[in-house]
Amino acid sequence: MLNPFQPFFYLLAYLAILYIRPHEFVPAFMNLPVLPLLLVAAFGIWLVRQPKNFEASQFRLMPVLLLMLMLSVIFTGWFGGGLQVFSDFAPVVMLFYIVATSVDSLQRLRQIFIVLGVSVTVIAWHGIDQSARGIGWTGAELSQGTRITYLGFLNDPNDLAMALTMVLPMIVYLARGAGSRLVGLAWYAAAAAVMYAIYLTNSRGAVLAVGSMVAMYGVLRYGVVKSVIVLPMLMAPLVALGPSRMAEMSADEDSAEGRIEAWYEGVQLLISRPLFGVGKGQFAEHHGLTAHNSFVLAFAELGLIGYFFWLSILIISWLMLQRLVRSGHEPAPAPAPDSAAASGIEQMAEEVLHVDSGPHEDTPGEGASDEPALEDDDKKKGKPEETPWEKLQGAARTLWYGYVGGLVSAFFLSRSYVVILYLHIALIVAVFQMARRERPDFAPVLFGPMAGRLALVSLGSVIGLWILTRVLLAFT
C-alpha cells in the first residue's frame, strides 16, 4: 500500500540536498540543520518499512564506495578527514537506499519525477529571473556577469546545467504521459523553461550533454543507420542556439588548456599513490584547481581500488538500462521441468500481462506513454494499451537519456560524488528491480561474474585518459 507520507519525505530529502533557503524569508531557527534532520527522519521511516529488495549489486557497492572514500583520506594520515568524508557522503547513500527500494511502482516513480520536475522548474524560473535582474530571489548572483547560478552544489553554472539536463527527460516523460492536454502543455512549458535555463548557464558541456541525449534518442528511435540521416536535422537547432562560448572551444583555449593540464596532473597523482589515491577532496590541494573531469578526479583521489568500485557502479547501472530497453519484447517464460510448473508460469505471465494492477497503473497519466499522443487519443485511434513491460521500458528510456546527459556532463566536470548522479542511479535500480519483479526470468546484472572485466575496463579507462591527455597536450 502506498504510504502517503513518502512523497513528502522524498521532497524534504531532495530539498535538504539542494539547500533551498531563500534568505529573505527564512526565520532564524532555520539556521539549525532542520532539513538534514528531516532526511534522517525519512531514513528512519524507511528502516521500519517492509519489505525491501536488495537484489541489485549497487546496494553492496555503495557502502563499499563510502568505505573507499573514507580510506582514501585515512591513508593520507588524516583520520579526522575520514569522519568528515563519512558525514558528507553518508546522506547520499541514505537517499540512494530510500529511493532505490521505495520506488517499487510506476506510480511512485512518477511521483519522484514530479518532485524533481517541479524542483528543477523552480530552479529554472529562478535562473531566468536572475538573468533579468542580476541576482535571484535566493541572493545568488550571476557568474561572470552573464551565467546563471543557484545555491549549494548548484552555485556553479556548469553544475547547475548538469542537474537541469539530467531531469529534463523526466519532465518530457510527464508531458507525454499527462492525463489531459492542459497538464501536458504545462509540463511542456516547464521543459521549455528548463531548456532556456540550460542556455542561460552558457555551459559548453551542457550543449554536448543535450546533444548526446538527442543522439541517443535518434539511435533508439530510428536505429543506427537511419539516425545518421536524422541526427543532423535534430542537431541543427542545438548548434544554432548553442551558447556563445562554444565558438571558443579549442585545445589551446585557456579554459581547455587548464582542463588538459588538470587531467595530466590527475594521472601523475595516481602514479604517486596508485592504490588509495591522494584522498577524497584533496585534488585541489595538490594541483590548486579541480580536475574538471569526474573520472580523473575519481582515480586521482580514490586510487585504482576506489576507482574500480566507483566506475563499477556507473557501468552496472548502464548495463541495466541497456538490457531493459533493448530487450525489444517481453521475455519469454523460462522452460519448466514439469507441466505443473509450466501451468504456474503461464498463470504468472497471464497475471503480469492482463490482470489489473491497481488504479495507479491503469489510470490515464499515471503510466507514461512512449508515443507523443495522449492516452485518450490512443484509445480513440484504436491503439493497443501499453503493457506493464512496455511502460517500464518507457521509464527506462527516460532514465537512459538523462544518464547519458549526466555522464557526458561529468566528463567535463568534477562531480564524482554529487547527489544528483546517485539519485539517478537509485531510480535506475528501482526500475530494473520492478522489471525483475514483473518477470523473474529477466536476467539480472550481477557484479560478481563480471568483476574481472570491470577491473580491466577500469584500468583501460585510466590508460585511455592518459593517452588522450598526451595527445591533447601535443596540440597545446
Side-chain angles (χ1 to χ4, degrees), residues 10-11 13-15 17-18 20 58 92 95-96 99-100 103 109-124 126-127 148-150 152-176 187 190-201 203-217 220 238 293-295 313-314 317-318 320-321 325 368 394-431:
Y10 291 157
L11 177 60
Y14 193 66
L15 295 182
I17 299 300
L18 291 180
I20 299 180
Q58 289 91 331
V92 177
L95 188 61
F96 169 84
V99 174
V103 180
L109 180 67
R110 181 179 175 81
Q111 289 174 343
I112 293 295
F113 281 5
I114 291 174
V115 169
L116 295 175
V118 170
S119 300
V120 164
T121 302
V122 172
I123 293 173
H126 171 276
I148 65 172
T149 62
Y150 197 64
F153 72 89
L154 301 180
N155 62 351
D156 182 272
N158 296 315
D159 298 332
L160 174 58
M162 176 181 176
L164 295 173
T165 300
M166 294 186 73
V167 179
L168 178 61
M170 302 180 192
I171 299 177
V172 177
Y173 174 96
L174 293 170
R176 291 160 69 99
W187 281 118
V194 171
M195 278 295 297
Y196 184 51
I198 293 174
Y199 171 80
L200 292 176
T201 63
S203 171
R204 294 171 295 192
V207 172
L208 296 175
V210 174
S212 68
M213 292 194 300
V214 173
M216 175 64 75
Y217 172 81
L220 293 181
L238 187 63
N293 185 300
S294 297
F295 298 85
I313 293 174
L314 299 187
S317 302
W318 177 279
M320 283 180 168
L321 291 173
V325 171
R397 273 189 291 272
T398 299
L399 292 172
W400 208 0
Y401 296 142
Y403 197 48
V404 168
L407 292 180
V408 171
S409 297
F411 190 83
F412 299 98
L413 299 173
S414 300
R415 309 313 297 169
S416 308
Y417 325 111
V418 68
V419 65
I420 189 67
L421 176 62
Y422 297 97
L423 178 59
H424 206 91
I425 291 174
L427 294 174
I428 293 171
V429 171
V431 170

State which residues pass side-chain contact (heavy atoms from CB on, under 4.5 Å) with [X]; sequence neighbours excluded, sorted by chain then number.
X	result
A426	F96, V99, A100
N293	W263, F295, V296, F411, L465
S414	T290, A291, L297
A396	L321, L324, V325, V431

Note to self: Test: salt bridge (Lys or Arg N to Asp or Glu O under 4.0 Å). Region: residues 408-426. Which pairs qualify, not counting sequence neighbours?
What the structure shows: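 As it turns out, the salt bridge (Lys or Arg N to Asp or Glu O under 4.0 Å) pairs with a partner in residues 408-426, which skip direct neighbours, are D159-R415.
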Checklist line | Set of ring pair (Phe, Tyr, Trp, His ring centres under 6.0 Å) partners for W187, sequence neighbours left out | finding: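 For W187 there are no ring pair (Phe, Tyr, Trp, His ring centres under 6.0 Å) partners, ignoring immediate neighbours.
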Note to self: F113: which residues meet the ring pair (Phe, Tyr, Trp, His ring centres under 6.0 Å) condition with it, sequence neighbours left out?
What the structure shows: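 If we apply the ring pair (Phe, Tyr, Trp, His ring centres under 6.0 Å) test to F113, skipping adjacent residues, the hits are Y173.
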For [X], enumerate each residue passing the side-chain hydrogen bond (donor to acceptor under 3.5 Å, both in side chains) test, keeping only those at least two apart in sequence or located in another chain.
X	value
Y417	E301
T149	Q130
S416	none

Next item on the list: Give me the ring orientation class for Y403 and W318: parallel if the planes are under 30° apart, tilted from 30 to 60°, perpendicular past 60°.
Entry: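 Tilted, since the angle between the ring planes falls between 30° and 60°.
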Checklist line | Main-chain N/O of N158 paired to T201 side chain as donor or acceptor, under 3.5 Å | finding: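 No; zero donor-acceptor contacts below 3.5 Å.
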Margin query: Within the structure provided, determine whether L423 and L116 are in side-chain contact (heavy-atom separation under 4.5 Å).
Written below: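 Yes, their side chains come closer than 4.5 Å.
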